[in-house]
There are 2 protein chains.
Amino acid sequence: MRFSKKVEYALIAMVEMAQQSGYSELVTARSLSKEYRIPPEILSKVLQKLTRIGLLQSVQGIKGGYTLAKPVDQINLLEVVESIDGPLRLVACNTGRPCDCEQFLFCNIQTPMQYIQDEFAQLLRTITLKDLLTRMKGDFTWVYDQKNFNKIDKLVGQSV
Amino acid sequence: MRFSKKVEYALIAMVEMAQQSGYSELVTARSLSKEYRIPPEILSKVLQKLTRIGLLQSVQGIKGGYTLAKPVDQINLLEVVESIDGPLRLVACNTGRPCDCEQFLFCNIQTPMQYIQDEFAQLLRTITLKDLLTRMKGDFTWVYDQKNFNKIDKLVGQSV
DNA sequence: ATTAAATGCGACCAAAAAAGTCGTATTTAT
DNA sequence: ATAAATACGACTTTTTTGGTCGCATTTAAT
């Protein structure tokens, strides 16, 4: 019952991109992976998926990078989640066919669970990247606290 | 991003118990596990957890079994899920402490994700066992289709 | 009393999913 | 030509989940 790490990485990256570039400048996978301690190969693949699906735009080559493909209020959480992890499925038995879970013919919760899934999907659909940005005020106080940066600088032995 | 099998088993069992007993008669783990093809040891442990948390009542001994401890409209999904899987946590970094995810001091989505989790928890809190029961009308048409029962009878080589 | 059928637990093993790594190709500004 | 970036797939490791085994306790029926 967790979002996958990849989805977290996607959201971290997109939030950062929204703050940094404002749709204009490019951000590289490498810089993001450094800043947020995300394995670069994984982050790259995540960003590539988001690009293929049309949430990001990419530019190849030595001056390349990524940028948001749409305004922040037009990117909702459901698209992000489904871009990375595939179609939302809260239970095993809602694939369209009558029921293919282990309890097949006897499953008694298929229809109700479908309803719950629809509700959750709707919730994710109503939350946009913009909502995330407006809700992260509290984080700034410590994310950009200089003491923390110094601590990390020491920790990893390099400038951030 | 799935409910665990154990949570599914819990819901299947509780829905069945609500239909069968109407709070009076006892249902055994064994009969449920047979009817829904759930490994009996697992189902037992699930029902035991639900009992400890107070959602079911149990009676030990040879005539024992389980029954719902509360009316169906007073059992919500959040209690069921948290009884089985522990506190709801959609992301790694909302444990109360500032942030203990891999991106620790740099995580920029902690607060927004907490908000999403709260919204989802509220959704689960508003859905009761009664809602599940009223939404499963569609299932009856095939769950109780005699042809299916015959098919299963042949499949497992015993009366159901 | 003995037995059988039920709940109650904990330790352990196996399978599946997720996370992460490695290698290589392609693109493009310098 | 080179360096730094995206693009992509195969593979390995780790973690989580699902499932199994064994044993103890309770209690109705004989």
Side-chain angles (χ1 to χ4, degrees), chain A residues 1-10 12-13 17 21 25-34 36-67 69 81 83-87 89-92 101-103, chain B residues 1-10 12-13 17 21 25-34 36-67 69 81 83-86 89-93 101-103:
Chain A
M1 217 48 218
R2 296 238 181 122
F3 287 111
S4 70
K5 280 272 186 77
K6 290 177 185 174
V7 167
E8 290 185 39
Y9 295 158
I12 288 174
M17 291 167 73
S21 70
E25 295 168 32
L26 296 175
V27 180
T28 68
R30 177 168 169 74
S31 68
L32 286 171
S33 86
K34 262 190 168 178
Y36 289 100
R37 272 68 183 168
I38 301 172
E41 302 92 345
I42 298 223
L43 183 60
S44 289
K45 275 186 290 193
V46 165
L47 298 180
Q48 283 159 26
K49 273 192 176 179
L50 293 173
T51 303
R52 255 174 296 179
I53 226 75
L55 298 183
L56 299 182
Q57 284 186 322
S58 70
V59 174
Q60 285 195 330
I62 195 168
K63 279 282 195 182
Y66 298 92
T67 188
V81 169
S83 299
I84 306 297
D85 288 342
R89 283 179 58 192
L90 289 189
V91 289
C101 66
E102 296 302 313
Q103 283 64 47
Chain B
M1 219 45 221
R2 295 239 181 122
F3 287 111
S4 70
K5 280 273 185 76
K6 290 177 186 175
V7 166
E8 289 186 40
Y9 294 158
I12 288 174
M17 291 168 72
S21 70
E25 293 167 36
L26 296 174
V27 181
T28 68
R30 178 167 169 74
S31 69
L32 286 170
S33 86
K34 260 188 167 179
Y36 290 100
R37 274 67 184 168
I38 301 171
E41 303 90 345
I42 298 224
L43 183 60
S44 289
K45 274 186 291 193
V46 165
L47 299 181
Q48 283 161 25
K49 273 191 178 179
L50 294 172
T51 303
R52 253 174 298 179
I53 224 77
L55 297 182
L56 299 183
Q57 284 185 321
S58 71
V59 174
Q60 285 195 331
I62 197 168
K63 279 282 194 180
Y66 298 91
T67 189
V81 169
S83 300
I84 306 297
D85 289 341
R89 283 179 57 191
L90 290 187
V91 290
C93 58
C101 66
E102 295 303 313
Q103 283 64 48

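First the proteins, then the strands, lettered A, B, ... as listed; each starts at 1.
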Query - C:dG8 phosphate, OP1 or OP2, under 4.0 Å from B:Ser58 side-chain N/O - result: yes

Query - A:Tyr9 side-chain N/O to C:dG20 phosphate OP1/OP2 under 4.0 Å - result: yes

Query raised in the report: For B:Ser4, which contact category applies under a 4.0 Å heavy-atom criterion: base, sugar-phosphate, or nothing?
Result: sugar-phosphate

Query raised in the report: Ignoring hydrogens and angles, does a donor from either the side chain of B:Lys45 or the base of D:dT20 sit under 3.5 Å from an acceptor on the other?
Result: yes

**Report entry** Side chain of B:Glu41 (C-beta onward), nearest among D:dA10, D:dC21, D:dG18
**Finding:** D:dC21

Query raised in the report: A:Arg2 versus B:Met1: any side-chain heavy-atom pair under 4.5 Å?
Result: no

Query raised in the report: Should B:Arg52 be listed as having a side-chain N or O under 4.0 Å from OP1 or OP2 of C:dC9?
Result: yes

Report task. With DNA chain D as reference, determine whether B:Gln60 or B:Asp85 sits nearer its 5' end, using the nearest nucleotide of each. Result -> B:Asp85

Query raised in the report: What nucleotide, of D:dT6, C:dT30, C:dT7, holds the atom closest to the side chain of B:Ala29?
Result: C:dT7

Query raised in the report: Counting only side-chain N and O atoms of B:Thr51, is one of them less than 4.0 Å from OP1 or OP2 of C:dT7?
Result: no

Query raised in the report: Do the side chains of A:Ile38 and A:Leu32 get nearer than 4.5 Å, heavy atoms only?
Result: no

Report task. Using heavy atoms to find the nearest nucleotide of DNA chain D for B:Ile42 and A:Lys63 separately, return the residue whose nucleotide is more 5′. Result -> A:Lys63

Query raised in the report: With side chains defined as the heavy atoms from C-beta onward, is the minimum distance between B:Leu56 and B:Met17 less than 4.5 Å?
Result: yes

Query raised in the report: Mind checking whether B:Leu50 and B:Ile84 have side chains closer than 4.5 Å, heavy atoms only?
Result: yes

